[in-house]
Novice: 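I'd like to ask some things about the structure below.
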Amino acid sequence: MRQPSIIVLLISLLILSSGISAFGAIKAKIDYSIPVDYSKLSEPELEDRAKVYYFNALKYKDDEVNEDMTNALMLYSVLLNINPDNLNYCVKLGALYDKLNMDKHAKGNLSRAIGIDSSHPEPYFYMGEFYYKRQLYRKALKYYGEAYQRGYQTNYDMLYKMGDIYEKFGDTRSALKYLNDASAQNPNSELDNKIKRIEAQDSINKEYYSNTRIR
């Protein structure tokens, strides 16, 4: 019979000794801290487990607290204690808290990631996602733009959302630029229809401004 790893035992002890389940802690938005000897934990093994919970947690609806979510949050919090300068752990925590609509924790972790390495595009992208989800489009565009400048020129989701924001702002030329860039990454009929619609609007805009200049 396979014996549980030292990591599983220690993490289980962390939960039990807290006197409250991880689920209950997050549901009630309670912060707790239990002393742990992190030197006994294997960071690579812990990270592998955290990744599984993380991607499972993303499949659920927003605001849904479940075992995958609580385990992912707990493990990435432990990992961040092991390695406080790991940008990836901060980003993952930010994305998870964003999914739970815990704004303060989401922005705090993403800001911390930017502070760790301001040249990396990922935390800017997720900060853009945070604001896009809340329909704060100017702030979203600001952070998407930062991510774009730092290497996310081929990120389909971001290019699409940048184009969508510019369309909302009535800037059809900028909208077409980013939507065509998105189409180059992942052509699809829905996006093609959106581009055609904006191209038609852009033609109307050009004709209107041309007539205005003539007058």
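From a predicted model like this one, the values you see are computed outputs, not experimental measurements.
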Novice: Is any side-chain heavy atom of Gln153 closer than 4.5 Å to one of Leu159?
Specialist: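 Not in contact.
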
Novice: Between Pro123 and Leu110, which heavy-atom pair has the shortest distance, and what is it?
Specialist: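 Shortest heavy-atom contact: CB-O, 4.0 Å.
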
Novice: Answer yes if Leu73 and Val65 sit in the same cluster of Ile, Leu, Val, Met, Phe, Trp and Tyr residues linked by side chain heavy atoms under 4.5 Å apart, and no otherwise.
Specialist: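 Looking at the clustering, Val65 is in the same group as Leu73.
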
Novice: Quick one: are Leu79 and Asn83 in side-chain contact, heavy atoms under 4.5 Å?
Specialist: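 Side-chain contact under 4.5 Å: no.
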
Novice: Assess, by modelled atom type and distance only, whether the side chains of Asn188 and Tyr156 contain a donor and an acceptor separated by less than 3.5 Å.
Specialist: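 Per modelled atom types, Asn188 and Tyr156 side chains form a pair under 3.5 Å.
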
Novice: Should the pair Asp62-Lys133 be classified as a salt bridge under the 4.0 Å nitrogen-to-oxygen rule?
Specialist: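 Between Lys133 and Asp62 there is a salt bridge, with a charged N closer than 4.0 Å to a carboxylate O.
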
Novice: Do side-chain atoms of Tyr131 reach the backbone of Tyr126 as a donor and acceptor pair under 3.5 angstrom?
Specialist: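 Checked: no pair found.
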
Novice: Which heavy atom of Ala57 sits nearest a heavy atom of Asp68, and at what distance?
Specialist: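 So the minimum-distance heavy-atom pair works out to N-CB, 3.9 Å.
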
Novice: Please check if any side-chain donor atom of Asp164 sits under 3.5 Å from a side-chain acceptor atom of Tyr137, or the reverse.
Specialist: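 The answer is no; no qualifying pair exists.
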
Novice: Indicate the atoms forming the closest heavy-atom contact of Phe125 with Met158, along with that distance.
Specialist: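 Result for this residue pair: CE1-CB, 3.7 Å.
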
Novice: Cation-pi between Arg150 and Tyr152: NZ/CZ under 6.0 Å from ring centre and within 45° of the ring axis?
Specialist: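 So Arg150 doesn't make the cation-pi contact.
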
Novice: Leu176 and Leu141: same hydrophobic cluster, using ILVMFWY side-chain contacts below 4.5 Å?
Specialist: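 No; tracing contacts between hydrophobic side chains, which count when under 4.5 Å, never links both residues.
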
Novice: Kindly give the heavy-atom pair with the smallest separation between Tyr124 and Ser118, and that separation in Å.
Specialist: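 Tyr124 and Ser118 have their closest heavy atoms at OH-O, 3.0 Å.
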
Novice: Do Leu58 and Met102 share a hydrophobic cluster (ILVMFWY, side-chain heavy atoms under 4.5 Å, transitive)?
Specialist: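 Yes, it is one cluster - the side chains of Leu58 and Met102 are joined through contacts under 4.5 Å.
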
Novice: Flag the pair Asp98 and Arg134 as a salt bridge only when some basic side-chain nitrogen lies within less than 4.0 angstrom of an acidic carboxylate oxygen.
Specialist: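 The answer is yes: the pair qualifies as a salt bridge.
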
Novice: Grouping I, L, V, M, F, W and Y whenever their side-chain heavy atoms are under 4.5 Å apart, do Tyr60 and Met74 come out in a common cluster?
Specialist: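 Per the 4.5 Å side-chain linkage, Tyr60 and Met74 are not co-clustered.
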
Novice: For a 4.5 angstrom cut-off between non-hydrogen side-chain atoms, does Asp63 reach Lys99?
Specialist: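 The answer is no; the side chains never approach within 4.5 Å.
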
Novice: Does Tyr166 have Arg173 sitting over its ring (NZ/CZ under 6.0 Å from centre, angle to axis within 45°)?
Specialist: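 No cation-pi geometry.
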
Novice: Quick one, Glu129 and Asp157 - any side-chain contact, counting heavy atoms below 4.5 Å?
Specialist: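 Side-chain contact under 4.5 Å: no.
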
Novice: Check the side chains of Lys92 and Asn109 for a donor-acceptor pair under 3.5 angstrom, ignoring hydrogens and angles.
Specialist: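 Absent: no donor and acceptor within the cut-off.
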
Novice: Minimum heavy-atom separation for Leu87 and Glu122, please, with both atom names.
Specialist: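 Taking every non-hydrogen atom into account, CD2-OE1, 4.2 Å.
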
Novice: Less than 4.0 angstrom from a charged side-chain N to a carboxylate O is my criterion; do Lys177 and Asp181 meet it?
Specialist: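 Looking at Asp181 together with Lys177, the answer is yes, because their closest N to O distance falls below 4.0 Å.
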
Novice: Does any part of the side chain of Met69, heavy atoms only, come nearer than 4.5 Å to the side chain of Glu64, both counted from C-beta?
Specialist: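 Heavy-atom side-chain distance check fails, nothing below 4.5 Å.
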
Novice: Measure up the Tyr76 and Tyr89 rings against each other and bin them: parallel (under 30°), tilted (30 to 60°), perpendicular (over 60°).
Specialist: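 Because their plane-to-plane angle lies in the 30° to 60° range, the rings of Tyr76 and Tyr89 count as tilted.
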
Novice: Are Lys194 and Glu190 ion-paired here, with the side-chain N under 4.0 Å from a carboxylate O?
Specialist: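 Here Lys194 does not pair with Glu190 in a salt bridge, since their nearest N and O are not under 4.0 Å apart.
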
Novice: Which of these passes ring pair (Phe, Tyr, Trp, His ring centres under 6.0 Å) with Tyr178: Tyr160, Tyr148, Phe169, Tyr144?
Specialist: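 Exactly one option meets the ring pair (Phe, Tyr, Trp, His ring centres under 6.0 Å) with Tyr178, and it is Tyr148.
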
Novice: Is there side-chain contact between Glu167 and Gln201, with heavy atoms separated by less than 4.5 Å?
Specialist: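 Of all side-chain heavy-atom pairs linking Gln201 with Glu167, none is under 4.5 Å.
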
Novice: Which heavy atom of Asp202 sits nearest to which heavy atom of Thr172, and what is that distance?
Specialist: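 Shortest heavy-atom separation between Asp202 and Thr172 comes out as OD1-OG1, 2.6 Å.
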
Novice: Test Leu75 against every option in Asp48, Leu80, Leu46 by the side chain to side chain contact (heavy atoms under 4.5 Å, CB included) rule and name the one that passes.
Specialist: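 Result for side chain to side chain contact (heavy atoms under 4.5 Å, CB included) with Leu75: Leu46.
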
